[in-house]
Amino acid sequence: MKIKRIFAHKVDLPLHEGSYKWSGGKSVAILGSTIVGVETDVGLVGFGEVCPLGPFYLPAYAEGVRSGLRELGPHLLGEDPRQLGKLNRLMDAAFKGHPYVKSGIDIACWDLLGQATGLPVCTLLGGRYGEDVALYRAISQEDPEAMASKVAGYGEEGYRRFQLKVGGDPDVDIQRIRAVAAQLQTGDRLVADANTGWLPHDAMRVVRAVRDVDVYIEQPCLTYEECLSVRCHCHLPFVLDESVDTLDMLLRAKADKAADVINLKISKLGGLTRTRQARDLCISMGLAMTLEDSWGGDITTAAIAHLAHSTPTEFLFTCTDFNSYVTVSTAEGAPLRVNGRMAAGTQPGLGVKPKWEVLGDPILDIA
């Protein structure tokens, strides 16, 4: 089996709630997603998706995906998409850095491997654990009462895990955490995610002020060193996300006892191949994980579901269903939320079929 064509479609994904806000006054209303197709000489086609959260969250942006694919794609023609390790080495040799550009191709090749073997991707990633996986709901940054109201509403929809967007004025953030915590039921989990938004002294004020609340603190500051300094003064469970983007950083975080949970994003690491490697390393080191991506629609959600469903239950802190946040559906067969949980599909590969009437004509075609 050889790659004979790589193509991509541009899709805009508006948000149901109108906008999504997080630290530093950042917000998005419409996300730019890229659907990547990898076609083979035997007629199979695999699909992936890359959807950065704007150009100001991680070092990634929507047009960068498409420009990168134009540079990288020609180097992959004629390669066997089933040989994922070899393919990733080739991508790294041909195109230095920019892991998010490679993510869509890698996901599409996992989809192809599943189709070729007749197995769902979760089986290939390690096996299927349990009947479904628990989801978290991200709560956009607003005033404390509005955020508390949204948590209560999502609780009625079956969500039991909530990621609260903080990282603003520390005094308001303390109110946000306490207001939301008052809405929680027994068994719920609350994460206060600052998305790098606090300076260390502000972060320390917040963690001291909410030390009696059952809450996880996620990525309080911009750098790893700043987060570690806060961790050393914090007795609450700690999550690292943006500062852990390589295996080296993951090993360092373990050695420094810098986190209890690691947030692994598929495109941040460069695809399912690299994320599985990081996932398995976390398991061997006893670290729980949030498994997700920067954002996306149906195909990203399918990839997350297969990765999460193939993770031992005790190590899966949570994951998310991005296709429920957006108003546009791009594929049939994607996982759908049921009472705050979702399940990976059982069909070969990712189990999704693009809606061509939504995708329209490709914006790039390499053959």
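- With hydrogens and angles disregarded, a donor-acceptor distance shorter than 3.5 Å links the side chain of Thr320 to the backbone of Tyr136.
- For the residue pair Ser229/Glu226, the side-chain donor-acceptor check at 3.5 Å is not satisfied.
- For the salt bridge (charged side-chain N to carboxylate O under 4.0 Å, His left out) criterion with Lys265, the lone passing option out of Asp293, Asp241, Asp245 is Asp241.
- Contact check for Ile266 versus Leu307: side-chain heavy atoms found under the 4.5 Å cut-off.
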Please list, one pair per line, the donor and acceptor atoms closer than 3.5 Å that link side chains of residues 196-208 to other protein atoms, with sequence neighbours excluded.
| unit_1 | atom_1 | unit_2 | atom_2 | d |
| --- | --- | --- | --- | --- |
| Trp198 | NE1 | Asp173 | OD2 | 2.8 |
| Arg205 | NH2 | Asp171 | OD1 | 2.7 |

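- Using modelled atom types, one finds no donor on one side chain facing an acceptor on the other under 3.5 Å when comparing Asp298 with Thr301.
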So Arg279 and Ser310, side chain to side chain contact (heavy atoms under 4.5 Å, CB included) or not? Walk me through it.
-> CA-CA 10 Å; Arg279 187 271 310 267; Ser310 64; 3.1 Å; yes
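- Ring geometry, Phe317 versus Tyr216: the interplanar angle falls from 30° to 60°, so the pair is classed tilted.
- Side-chain contact of Glu242 with Tyr57: a donor-acceptor pair under 3.5 Å is present, judged by distance alone.
- Close placement of the Phe56 and Trp22 rings is indicated, their centers lying within 6.0 Å of each other.
- Remark: the Ser33 side chain and the Trp295 side chain contain no N/O donor-acceptor pair separated by less than 3.5 Å.
- Side chain to side chain, Ser329 and Lys355 meet the donor-acceptor criterion of an N or O pair below 3.5 Å.
- For His9 and Trp356, the ring centers are positioned less than 6.0 Å apart.
- The closest side-chain heavy-atom distance from Glu292 to Thr300 is not below 4.5 Å.
- Geometrically, Arg137 engages Tyr325 in a cation-pi contact, judged by NZ or CZ lying under 6.0 Å from the ring centre and within 45° of the ring axis.
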